Each structure stands twice: as C-alpha cells, then as structure tokens.
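One structure is given here, and the rest of the page talks about it.
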Protein chains: 2
Amino acid sequence: MRYPWWQHRLYKAGYRLTNPRQVVINILKNTDKHLSAEDIYVDSLKINSSIGLTTVYRTLDLFQQIGIVQKFDFGEGKARYELIKNPIKKEHHHHIICVKCKEIVDYTDFLNEELELINKTEKALSEKYQFKILHHTVHFYGMCSKCQAT
Amino acid sequence: MRYPWWQHRLYKAGYRLTNPRQVVINILKNTDKHLSAEDIYVDSLKINSSIGLTTVYRTLDLFQQIGIVQKFDFGEGKARYELIKNPIKKEHHHHIICVKCKEIVDYTDFLNEELELINKTEKALSEKYQFKILHHTVHFYGMCSKCQAT
DNA sequence: ATTGACAATGAAAATCATTATCAATAATAG
DNA sequence: CTATTATTGATAATGATTTTCATTGTCAAT
Ligand SMILES: [Mn+2]
Ligand SMILES: [Mn+2]
Ligand SMILES: [Zn+2]
Ligand SMILES: [Zn+2]
C-alpha cells in the first residue's frame, strides 16, 4: 500500500485529496482528544490560515460517511469527532464523560465481555425489531475525580 | 402519598407547581414517544395557548435536573425528552434508533444481563478512572424494516 | 383583603452550531 | 497545458437553545 488506508478510501469513493482534507486528518491523527468542528478549525488555521470553517464541517461529514472518522454526540449541543485508527481490527471503545468538566475518557476495559454481550443483544434485537443494526454507542456519565473534589 | 411522586420532588426541591409545568408533565405522561421541546410546545398550545416555548425549555431543563425527566441526544441536532415512569424501580431501558427515519424503539430485552454487566463495568470503571458514575446510555443505530425496503 | 418578596412567565433578541448558496479556485484526466 | 469538475471559502441563512427583561403569579405575613 503506497497510501495510508484513509487515502485509499477517499480515492476509491471518488474523492480528491486536497490540502484541507490532509490538514484535518493530521490534526485528528495527532490527538487523542475528541475535538469539535470548531476545535479542528482553530487548529487548522495554524497550519493553513485560509481554511474555512465550512470546509472543516464538510470534510468531517465526508470522512464520517466513508468511514474515516466517527462522529459523537455527548449531549453538549455540538458534535465531536475521532479518527478511526485502524479499519481492519476496529479499535472499538466506549466512553466515560464527566458531566461537569466534559472530560471524555476512552475505555476498552471489559470490552471483550461487553462486546460479546452486545453482539448477542444486537442479534436478538435485529430479529425482534427487524432492525439492521449498524453500530452502537455506550456512554457512562459521571463526575471525574477533580470535579468530585469541588 | 397525596401527590404523584414527581410533584413531591418538585416541592421538595423548592419549586412551585404551575400550569405550564402540569401541562408539560401531562403531555409526557400521555405518550410513549420521545418528544422534542418543539413537539411538546406544539402540543401544549392545544391545552393552554399562552404557553411560551421558552417556558417549555425551562421546564424540561428543571425536570431533568430534579430527576423527573430524562433528556436524550440521538444525534439529530436537537434533544428529546422522556418522563421517568417510576423513580423507585427505575424502568430503565435502552434505545434502538433508525438512522434514516429516526424512529426510536425502547427495548428492555436482555436488560437483566445487560444491566448486570453494566453494573460490573461501572464498578470497575469507577475504580480505575476515579469517576463517580451517575448514569449511562446504550444506543443501537441501524435501519428499521421500512427503511431497509427502500 | 392587602402587601411585599421573590418565583415563574412570555415575547423578543441574542447566541451557537450547523447548512445552504454561489462565485472563485484547485485537482486531475487527457 | 487545458478542459472538466470537484472543492473551496466567504457570506448569508437556518434551527435549536439561551438570555434578557418587563410583567405576572404565588404565598406567607400582615
Ligand atoms: Mn473515543
Ligand atoms: Mn426511551
Ligand atoms: Zn470533571
Ligand atoms: Zn426507519
């Protein structure tokens, strides 16, 4: 593979590789945070000061559609995005969110057990409710240690 | 108990029972749908045509804070609300959402197993990440049978 | 019954995230 | 290099939610 996997996916889907798209990918690649469109936009200006917020939104939307990025909604009134690390062995994880400071923690503990149950549930729900289930989210909301102290 | 539980809760928290608050409660009590603030507002006008959308938002927010109502975000760009049926034996459930038509299904199948695992996970996460976990959401996203046909 | 303190309300304006429009620009096939 | 189209960025528009503020309702104490 001459190109990184996401680049393949872009081309295969008939899209061009442009500077804004590279910039967005790089920002996401270099963080473990869950960035909002605005966050990404601000960072992108440091690299290419002519990128527009609209393009950031469009890019994130495109990336989400072709499976390069995951979009999350943690109930803040704005979306957050995360790069998919490896499309083969999906590095699936779940989230813990601090309701006060909005810190977001990825966790994979117990994931085997969790996923086993989730697969089972998914199958049963598919049958009972006639849904073709595509993905799921598991979010735990609580207070981080810092915020508990307050 | 002379009052319904939610009324107690309102008073205990030092709030008054007003007409808009009753109207909102009644709307939520008489549906199994997941209504948006706007939905509730439209319905409320049929009962009391002088209620303001602002008040509906304020009321829902208050109800959520004192634990009468649950607010959900299914990634539509607007929140949806659901009355908590019984605060004692929490009638907890999880959701399946059609990504196309946005139909939302409550399910409680497998909930015992699910909740058992979730409790276990919750405990482990609490310790490892020092979070005091308050609640959680489990959402399955997919396509309902109607939308698959298209 | 009246009053005062303060909670609650509704209308309107403000804010914030996201989307639509459209003319200008950049990417690639030939 | 040039033509064809995808992509972009500035701007305006939208939709949900929040803020502001003057008015109204509630309730306990006169
Ligand atoms: Mn994550
Ligand atoms: Mn529900
Ligand atoms: Zn926190
Ligand atoms: Zn559907």
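Note that the structure is a prediction, hence the values are computed from the model and not measured. In what follows, chains are A, B, ... by sequence order, proteins preceding strands, each numbered from 1.
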TODO: Please report, rounded to the nearest Å, how far the P atom of C/dA17 is from the CD1 atom of A/I40.
DONE: 14 Å
Open item on the list: Using only atom types and a distance under 3.5 Å, with no angle test, would you say the side chain of B/N119 pairs donor to acceptor with the backbone of B/L115?
Closed with: yes
Task: Distance flag, aromatic centroids of A/Y81 and A/F63, threshold under 6.0 Å - done: no
Open item on the list: Tell me the interatomic distance from A/Y81, atom OH, to C/dT18, atom C1', rounded to whole angstroms.
Closed with: 8 Å
Open item on the list: With a 6.0 Å cut-off on the ring centroids, do A/H136 and A/H92 count as close?
Closed with: yes
Task: Euclidean distance, atom CG of residue B/N19 to atom P of C/dG10 [Å, nearest integer] - done: 9 Å
TODO: Starting from the C-alpha separation in whole Å, work towards a yes-or-no answer on salt bridge (charged side-chain N to carboxylate O under 4.0 Å, His left out) for A/K120 and B/E113.
DONE: CA-CA 11 Å; A/K120 201 170 115 190; B/E113 263 182 285; 2.5 Å; yes
Task: Pairing of A/D43 and A/K46 as salt bridge, 4.0 angstrom limit - done: yes
Open item on the list: Heavy atoms from C-beta onward define the side chain here; which of C/dT18, D/dG9, D/dT7 lies closest to that of A/I51?
Closed with: D/dG9
Task: A/Q65 CD to C/dT19 P, straight-line distance once rounded to whole Å - done: 11 Å
Task: A/L62 CG to D/dT7 C1', straight-line distance once rounded to whole Å - done: 11 Å
Task: Check: A/S36 main-chain N/O paired with A/D39 side-chain donor or acceptor under 3.5 Å - done: yes
Task: Side chain of A/R58 - closest among D/dT17, D/dG9, C/dA17 - done: D/dG9
Open item on the list: Without decimals, in angstroms, what is the distance between B/L53 CG and C/dA13 P?
Closed with: 15 Å
Task: Given C/dA7, C/dT28, C/dA12, the nucleotide with the shortest approach to the side chain of B/T54 - done: C/dA12
Open item on the list: If I take atom CG in residue B/D61 and atom P in nucleotide D/dA16, what distance separates them, rounded to the nearest angstrom?
Closed with: 18 Å
Open item on the list: Check the phosphate of D/dT17 against B/Y57, side-chain N and O only, distance under 4.0 Å to OP1 or OP2. Yes or no?
Closed with: yes
TODO: Return the orientation label for the B/Y129 and A/Y107 ring planes: parallel under 30°, perpendicular over 60°, tilted otherwise.
DONE: tilted
- [ ] Find the bend of the helix from C/dA1-D/dT30 to C/dG30-D/dC1 as the angle between its two terminal axes (five pairs each), to the nearest 10°.
- [x] 30°
Open item on the list: Angle between ring planes, B/F72 versus B/H95, binned at 30° and 60°: parallel, tilted or perpendicular?
Closed with: perpendicular
- [ ] Could you tell me whether the phosphate oxygens of C/dA8, OP1 or OP2, come under 4.0 Å of any side-chain nitrogen or oxygen in B/T55?
- [x] no
- [ ] Among the candidates D/dT17, C/dT28, C/dT9, find the nucleotide nearest to the side-chain atoms of A/R16.
- [x] C/dT28
- [ ] For B/T18 and for B/K71, locate the closest nucleotide of DNA chain D by heavy-atom distance; then report the residue assigned to the nucleotide nearer the 5' terminus.
- [x] B/K71
Open item on the list: Base, sugar-phosphate or nothing for A/S36? Non-hydrogen atoms, less than 4.0 Å.
Closed with: nothing
TODO: Specify the residue among A/Y41 and A/R21 whose closest nucleotide of DNA chain D lies further upstream toward the 5′ end.
DONE: A/R21
Open item on the list: As a test of reading the structure: which of D/dG25, D/dT7, C/dT28 is closest to the side chain of A/Y15, going by heavy atoms?
Closed with: D/dT7
Task: d(CG, B/L35; P, D/dA16) in whole Å - done: 14 Å
